[in-house]
Amino acid sequence: MGAMTSSVAARFAFFPPSPPSYTVVMDGGGGRLRMTDVSERENVDVLKLKTKKGTEIVAAYVKNPVASLTVLYSHGNAADLGQMYDLFCELSLHLRVNLMGYDYTGYGQSSGKPSEQNTYADIEAAYRCLEETYGVKEEDVILYGQSVGSGPTLDLASRLSRLRAVVLHSPILSGLRVMYPVKRTYWFDIYKNIDKIPLVRCPVLIIHGTDDDVVDYSHGKQLWELCVEKYEPLWIKGGNHCDLELYPEYIRHLKKFISAVEKSARLKTLSGPLTENDANPRSSTDCREKLRPSTDLQDHSRPSTDCREKPRPSTSTDYKEKSRSSVDRREKSKKNSENDEKSTNVSDQPEKARNSIDRSG
C-alpha cells in the first residue's frame, strides 16, 4: 500500500514537457554548448552536469556583470529550461543577480527518469557547479524553488548553514498533502517540506497566489508560519499556480527582498574585523547600530534621573544642621530683643526661604 501511494504521488509530481521545448547542440566555431529554439545570448552558458546518481542534466547560467548574489532556480513540474529561459534572463537583469537554472533528471534534454531522490542529486550537481566552476560562495547563494522545485530547494537549504536566503514560489507542504488533506507525515510521502523548513536558518520569502487551483495557498501560509527567519510573504490576490510572474507586485517584492538580504550582508561585514584604514568609518557605523538599543536604555534611564534626586535629602540634612544653628541664633535674638517683633519676623523670612530652596533643590 505504501509503495503504491508513493508511486501515485510521484506520478502527480512529475510532468516533464513532451516533447522537450529545446535541444542542445555544440557550437562548431567556439566549442560551446548552446540551446536551440531560444534567443542566443553572450552572457548565458549552457552546461551538462553529471549527478551522483549517474545521470546527465542540462543547466543554464545567466551572468550579470554587476551581481553580488547568485540565484539557483528549481523550476516547476510542467516546465523545462527552454520554457524558463526568457524568464531566467529577465530575472537576472531586473534583480541584478547571476542565475543558474537546471533541468531535473528526465526533463528537457537531461537523461534518466525523474524521481524525488534524483532531484536532490540534480540540485546538488548544480550547486557544486556554482562552487567549482564559477567560484560562488555558499553565503552568496539564494535558492529559489517553484512548486515541485520547493522540494529539492528545501532539502538542500536544510543542509547548508551559511546560505544567504530562500525563495519559495507556490510551494507544497508535501507531495501527499497536495492530493489528500492529511494531518501527519507518512514515511512514503515525498518532498516533506513541512518537516524540513524549520531546519532552514536563513531568511525565507514565500510567494503564493490566493486562487491557486493546483497547490492551495494554505500550503504557502503554513510553511511561512513554520519559518525560523520569516520575511514578509507575498500573497498575490487572484494569482493562480503558473501566472504569478505576470503581476507587477511579483518582481517588485522580489527586488525588495534581494535588496534586504544584500543590505544584511553589508551590515554583517561592517560588524566584522576592522582594518586600520577603515576602522574609523566602520566604528562609527557600528556605533550607530549599537545606539538603537540605547534608545530603550534612555527610557530606562529615567529612574536613574530619580536616583540622582535621591542624594538631595542628604544635602538637605546638611542644610538642616545649618538651620539648627540659625534657629539657635534666632532663639538668642528673641531673648535679647523680645519686644522687637519686626526684627523677629525679618529673621524668620530668610530661614523659610532657605528651607524651601533646600526642598525644591
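Heavy atoms only: backbone and side chains are in, while hydrogens, waters and symmetry mates are out. Only a predicted model underlies this, so the values are computations on that prediction, with no experimental measurement involved.
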How far apart are the closest heavy atoms of [X] and [Y], and which atoms are they?
| X | Y | answer |
| --- | --- | --- |
| S110 | Y104 | CB-O, 3.2 Å |
| D86 | S39 | OD1-OG, 4.1 Å |
| S92 | L99 | CB-CB, 4.4 Å |
| L244 | Y250 | O-CB, 3.2 Å |
| Y120 | G151 | CE2-O, 3.9 Å |
| L173 | H219 | N-ND1, 3.0 Å |

Verdict with reasoning, E232 to K256, per side-chain contact (heavy atoms from CB on, under 4.5 Å): CA-CA 10 Å; E232 179 187 355; K256 180 181 175 184; 2.9 Å; yes
Let me confirm one number: the [atom1]-[atom2] distance from [X] to [Y], rounded to the nearest 0.5 Å.
| X | Y | atom1 | atom2 | result |
| --- | --- | --- | --- | --- |
| L49 | E132 | CG | CD | 10.0 Å |
| I194 | L223 | CD1 | CG | 7.0 Å |
| T51 | Q117 | OG1 | CD | 12.0 Å |
| I142 | L254 | CD1 | CG | 9.0 Å |
| D122 | T55 | CG | OG1 | 5.0 Å |
| L95 | S259 | CG | OG | 11.0 Å |

I'd like to know if R159 and E124 make a salt bridge, using a cut-off of under 4.0 Å between side-chain N and carboxylate O.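 Here R159 pairs with E124 in a salt bridge, since their nearest N and O are under 4.0 Å apart.
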Lys/Arg-Asp/Glu bridge criterion (N-O < 4.0 Å) met for R177, D189: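 Salt bridge present between R177 and D189.
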When hydrophobic residues are tied together by side-chain contacts of less than 4.5 Å, even through go-betweens, does [X] share a cluster with [Y]?
| X | Y | result |
| --- | --- | --- |
| V66 | M100 | no |
| Y180 | Y186 | yes |
| V62 | L93 | no |
| Y22 | M26 | yes |

More than 12 non-hydrogen atoms from neighbouring residues, nucleotides or ligands closer than 6.0 Å to [atom1] on [X], yes or no?
| X | atom1 | value |
| --- | --- | --- |
| R41 | CZ | yes |
| K63 | NZ | yes |
| K113 | NZ | no |

What do the steps show when you test I236 against H208 for side-chain contact (heavy atoms from CB on, under 4.5 Å), and what is the final call? CA-CA 6 Å; I236 298 182; H208 216 123; over 6 Å; no
Check: [X] side chain, [Y] main-chain N or O, donor-acceptor pair, under 3.5 Å:
| X | Y | result |
| --- | --- | --- |
| D211 | K237 | no |
| K255 | R252 | no |
| T119 | E116 | yes |
| D243 | N240 | yes |
| T133 | L130 | no |
| D103 | L81 | yes |
| S111 | E56 | yes |
| N118 | T105 | no |
| H169 | I207 | no |
| R164 | E139 | yes |

Candidate pair Y217 and H241, rule ring pair (Phe, Tyr, Trp, His ring centres under 6.0 Å), full reasoning: CA-CA 9 Å; Y217 95 108; H241 193 66; over 10 Å; no
Y144 and Y73 aromatic ring geometry - parallel, tilted or perpendicular at 30°/60° bounds: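 Ring orientation, 0 to 90° scale: parallel.
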Check the orientation of H75 and Y102. Use parallel for under 30°, tilted for 30 to 60°, and perpendicular for over 60°.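 If you compare the ring of H75 with that of Y102, the planes turn out tilted.
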Student check: side-chain heavy atoms of [X] and [Y] closer than 4.5 Å:
| X | Y | answer |
| --- | --- | --- |
| R96 | I258 | no |
| V25 | T36 | yes |
| L156 | L163 | no |
| N77 | Y107 | yes |
| V228 | V204 | no |
| T70 | D140 | no |
| Y61 | V46 | no |
| L234 | E249 | yes |

Would you say [Y] and [X] are linked by a side-chain donor-acceptor pair, where the criterion is simply a distance under 3.5 Å?
| X | Y | value |
| --- | --- | --- |
| S74 | Q146 | no |
| S170 | S147 | no |
| D45 | Y134 | yes |
| S21 | D80 | yes |
| Y127 | E131 | yes |
| S150 | N193 | yes |

Steps toward side-chain contact (heavy atoms from CB on, under 4.5 Å) verdict (S174, T185): CA-CA 8 Å; S174 72; T185 299; over 6 Å; no
Out of I251, L87, L91, which one pairs with E245 under the side-chain contact (heavy atoms from CB on, under 4.5 Å) rule?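 Of the listed options, the one satisfying the test is L87.
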So, applying side-chain contact (heavy atoms from CB on, under 4.5 Å) with C89, which one of N43, V44, V38, N64 is it?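 Among the candidates, only V44 passes.
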Check step by step if side-chain contact (heavy atoms from CB on, under 4.5 Å) holds for W224 and I206. CA-CA 7 Å; W224 182 79; I206 296 183; 3.7 Å; yes
